[in-house]
Protein chains: 2
Amino acid sequence: MTSTPPHLQTLLDAGLRLTSPRTEIARVLFGDGQARHVTADWIAAALDKGGKHIALGTIYNTLRHFLDLGLVREVHGTRTGATIFDTNTHPHHHIYDETTGQLTDISAVDVSLADQIDLPEGKTVSGYDVVIRVR
Amino acid sequence: MTSTPPHLQTLLDAGLRLTSPRTEIARVLFGDGQARHVTADWIAAALDKGGKHIALGTIYNTLRHFLDLGLVREVHGTRTGATIFDTNTHPHHHIYDETTGQLTDISAVDVSLADQIDLPEGKTVSGYDVVIRVR
DNA sequence: CTCCGTGCAAATAGTTTGCAACCAA
DNA sequence: TTGGTTGCAAACTATTTGCACGGAG
């Protein structure tokens, strides 16, 4: 019994059609349940390797949809040119190796913010990113 | 008595010539002792406004020099296209308003990291960035 | 005098967008 | 049928680089 995987169900719930590029990209990203840090180029290469070419433009558009739906997150703070997308959507942060470019997850509980941070009035915290740089 | 400003002295100490683009850019950045978040374009515009046009390429090259010398820092974590340079080199972090794009400094003491973070072996922490996103 | 540094334009890199053909529902 | 999607290429933005001229030391 092959039931619809949760990430594909999310697409359906959002009213998005279940098209071939979307399912293929989703398979590469979530297929084995393993969290990944990927770039658009990496996805394109992975698909090409499997004989399933998808236009880079479409990959970017699809990633943006996935971002909106919360299926992936962007990682900031690295000095690599391309945007890195993280398939781990649980609260967590990153260690960035400036020498190798290697990006490693760290648990959110290893980081704490003082509770007396002055926010601009009327604003609420929507999240925070921590990047620990090592070399 | 007009003694050499510290940031210009830093250039000299590093063996860099005190050229007109460098002093002009330094003046715009540090002239009034006020910390700034700027982009290369902002600097170009500010210089043009003062009738001192400097080529964008030269501004980028100069900013890279300033980065190496620790006169400015890059700010990561925002979703604005251009790289933001921060003239505040003291340890601190940022609040990023996703609605307005406004970037605000917060003191480093308002942030604390757990001391049990597992680093890759042989690596040392060279710094860390915290960006609190608000809306 | 000697190079380092500059201006400018061309080259790159990453990402977005316009549009005709397509296809999931 | 029909409007959301795709592919492709062109457009764009941000940044880097190559090269001949120019100015600081």
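Chain naming here is simple, since letters A, B, ... match the order of the sequence lines and numbering starts at 1 in each.
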### Task
Under 4.0 Å between any heavy atoms, over every strand shown, what does H65(A) touch: base, sugar-phosphate, or nothing? Just pick one.
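Nothing, no heavy atom under 4.0 Å.
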With sequence neighbours left out, write down each residue that passes side chain to side chain donor-acceptor pair (under 3.5 Å) with [X], or none if nothing qualifies.
X       : result
T87(B)  : none
D129(A) : R133(B)
T78(A)  : T80(A)

### Message
Please check this pair: side chain of R22(A) against backbone of T62(A), looking for a donor-acceptor N/O pair closer than 3.5 Å.
### Response
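Looks like no, no N/O pair under 3.5 Å.
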### Query
What integer distance in Å separates I54(B):CD1 from dC8(C):C1'?
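In whole Å, dC8(C) C1' and I54(B) CD1 are 14 Å from each other.
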### Task
Round to the nearest Å and state the distance from D48(B) atom CG to dG7(C) atom P.
11 Å
Just distance, no hydrogens or angles: give the donor-acceptor pairs under 3.5 Å from side chains in residues 39-51 of chain A, sequence neighbours left out.
{"from": "T39(A)", "atom 1": "OG1", "to": "W42(A)", "atom 2": "N", "distance (Å)": "3.1"}
{"from": "D48(A)", "atom 1": "OD1", "to": "H53(A)", "atom 2": "ND1", "distance (Å)": "2.8"}

### Task
Please assess H90(A) against D105(A) for the test side-chain contact (heavy atoms from CB on, under 4.5 Å), listing each intermediate value before the final yes or no.
CA-CA 10 Å; H90(A) 298 290; D105(A) 286 0; over 6 Å; no
### Query
Given the rule that I, L, V, M, F, W and Y join up when any side-chain heavy atoms are under 4.5 Å apart, are V130(A) and I95(A) in one cluster?
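Yes, it is one cluster - the side chains of V130(A) and I95(A) are joined through contacts under 4.5 Å.
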### Summary
In short, ring-ring contact (aromatic ring centres under 6.0 Å, His included) pairs touching residues 3-22 of chain B with sequence neighbours left out are H7(B)-F30(B)
### Task
Have a look at F66(B) and tell me which of L16(B), N61(B), I25(B) forms a side chain to side chain contact (heavy atoms under 4.5 Å, CB included) with it.
I25(B)
Restricting to nitrogen or oxygen on both sides, can you table the protein-nucleotides 13-18 of chain C pairs closer than 3.5 Å?
{"from": "dT15(C)", "atom 1": "OP1", "to": "T83(A)", "atom 2": "N", "distance (Å)": "2.7"}
{"from": "dT15(C)", "atom 1": "OP1", "to": "T83(A)", "atom 2": "OG1", "distance (Å)": "2.3"}
{"from": "dT15(C)", "atom 1": "OP2", "to": "Y60(A)", "atom 2": "OH", "distance (Å)": "2.2"}
{"from": "dT15(C)", "atom 1": "O5'", "to": "Y60(A)", "atom 2": "OH", "distance (Å)": "3.4"}

#### Entry: Contacts of type side-chain contact (heavy atoms from CB on, under 4.5 Å), residue Q34(A), not counting sequence neighbours
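In terms of side-chain contact (heavy atoms from CB on, under 4.5 Å), with neighbours along the sequence ignored, Q34(A) is linked to D32(A), R36(A).
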### Query
Using rotation axes that map the C1' atoms of four end pairs onto the next four (five pairs an end), what angle separates the end axes of the helix from dC1(C)-dG25(D) to dA25(C)-dT1(D), to 10°?
30°
Using residues 8-15 of chain A as the side-chain source, report each donor-acceptor pair under 3.5 Å to any protein atom, sequence neighbours left out, with the distance given to one decimal.
{"from": "Q9(A)", "atom 1": "NE2", "to": "D13(A)", "atom 2": "OD1", "distance (Å)": "3.0"}
{"from": "T10(A)", "atom 1": "OG1", "to": "P6(A)", "atom 2": "O", "distance (Å)": "2.9"}

### Query
Where does the chain B footprint on DNA chain D start and end, counting 5' to 3' with a 4.0 Å heavy-atom cut-off?
dA14(D) to dG25(D)
### Summary
Residue set satisfying ring-ring contact (aromatic ring centres under 6.0 Å, His included) with Y60(B), at least two apart, ordered chain then number -> none
### Query
Hey, mind stepping through L18(A) and T23(A) against side-chain contact (heavy atoms from CB on, under 4.5 Å) and telling me if it holds?
CA-CA 7 Å; L18(A) 217 50; T23(A) 54; 3.9 Å; yes
#### Entry: Stretch residues 12-22 of chain B: residues that reach within less than 4.0 Å of DNA chain C through a heavy atom
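L16(B), R17(B), T19(B), P21(B), R22(B), in order of number.
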